[in-house]
Amino acid sequence: MDKQNSNLFNSLPTPSPNLNSISPYLNFDPAVLNQGGPEFIFPEGAARQRGRFELAFSQIGGSVMTGAFLGSVNGLYTGLKETSIAGHTGSVRRTQVLNFITKRGAVSANALGVVALMYSGFGVILSLVRGTDDELNTVTASTLTGLLYKGTAGVKKCALGGAVGCGLGVAYVLWTSKDRLRDMLPMSNY
């Protein structure tokens, strides 16, 4: 009987001599991984900066979350003020305040999300059409966003929306591209 049991156990594969390097939790040998290769997954020669299309998702999501937060804070303030004026107390006041918070938060989140969607869409289209992503695309996209967002309110408000969008775009470009603009201006060498 001992010979049969020993034959049965002897037929199992023997462990490798490098048993200490095998991860007991993941059941793989880390030596299989390329330890000397690049740390990031980028194609050879590709830029290590995200493009307009990839940035659009974070811009839109960030704008929606910012709008929801600001609208909720505004709703809380307005709700507390309105319910105290109306003389509500207890659960009625609590319900009214929550209604103000959710309504104002949703409206603000929707508005900022739509603006960010339009801005990102214009930026991606301009980047594809022009073949470059520069400051002109940013200012043009923000101007077109302001024009389109207020486009149904009449010519004067549409022009005002375009001017506000252009102003915000120029301010953003001046803030983010200070060094590059300083090098482009001739008086910056003095």
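When reading the values below, keep in mind they use all heavy atoms of this one structure, side chains included, and skip hydrogens, waters and symmetry mates.
Side-chain contact check for R104 versus L70: every heavy-atom pair is 4.5 Å or farther apart.
Summarising the geometry of A141 relative to G123, their closest heavy-atom pair is CB-N, 3.8 Å, with the distance given to 0.1 Å. The two residues F100 and G75 have their closest heavy-atom pair at CB-O, 3.4 Å. Pairing each heavy atom of H88 with each of R93, the nearest pair is O-CD, 3.5 Å.
One N or O on the side chain of T83 and one on the backbone of L80 form a donor-acceptor pair closer than 3.5 Å. With hydrogens and angles ignored, the 3.5 Å screen pairs no side-chain donor or acceptor of S177 with any backbone N or O of L174.
Applying the side chain to side chain contact (heavy atoms under 4.5 Å, CB included) rule to C166 yields the partners V139, T143, V170; only residues at least two apart in sequence or on another chain are considered. Shown here are the side chain to side chain contact (heavy atoms under 4.5 Å, CB included) partners of S142, two or more places apart in sequence or in another chain: Y119. Judged as a ring pair (Phe, Tyr, Trp, His ring centres under 6.0 Å), and not counting sequence neighbours, the contacts of F53 are F57. Y77 is linked by a side chain to side chain contact (heavy atoms under 4.5 Å, CB included) to K81, counting only residues two or more places apart in sequence or in another chain. A search for side chain to side chain contact (heavy atoms under 4.5 Å, CB included) contacts involving A109 returns V64, A68, not counting sequence neighbours.
Linking Ile, Leu, Val, Met, Phe, Trp and Tyr residues whenever their side-chain heavy atoms come within less than 4.5 Å places L144 and V114 in a single cluster.
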Please list every donor-acceptor pair under 3.5 Å in which a side-chain atom of residues 126-134 meets a protein atom from a residue at least two apart or in another chain.
{"residue": "R130", "atom": "NH1", "partner": "D134", "partner atom": "OD1", "Å": "2.7"}
{"residue": "R130", "atom": "NH1", "partner": "D134", "partner atom": "OD2", "Å": "3.4"}
{"residue": "R130", "atom": "NH1", "partner": "N137", "partner atom": "OD1", "Å": "2.6"}
{"residue": "R130", "atom": "NH2", "partner": "D134", "partner atom": "OD2", "Å": "3.4"}
{"residue": "D133", "atom": "OD1", "partner": "R52", "partner atom": "NE", "Å": "3.3"}
{"residue": "D134", "atom": "OD1", "partner": "N137", "partner atom": "N", "Å": "3.4"}

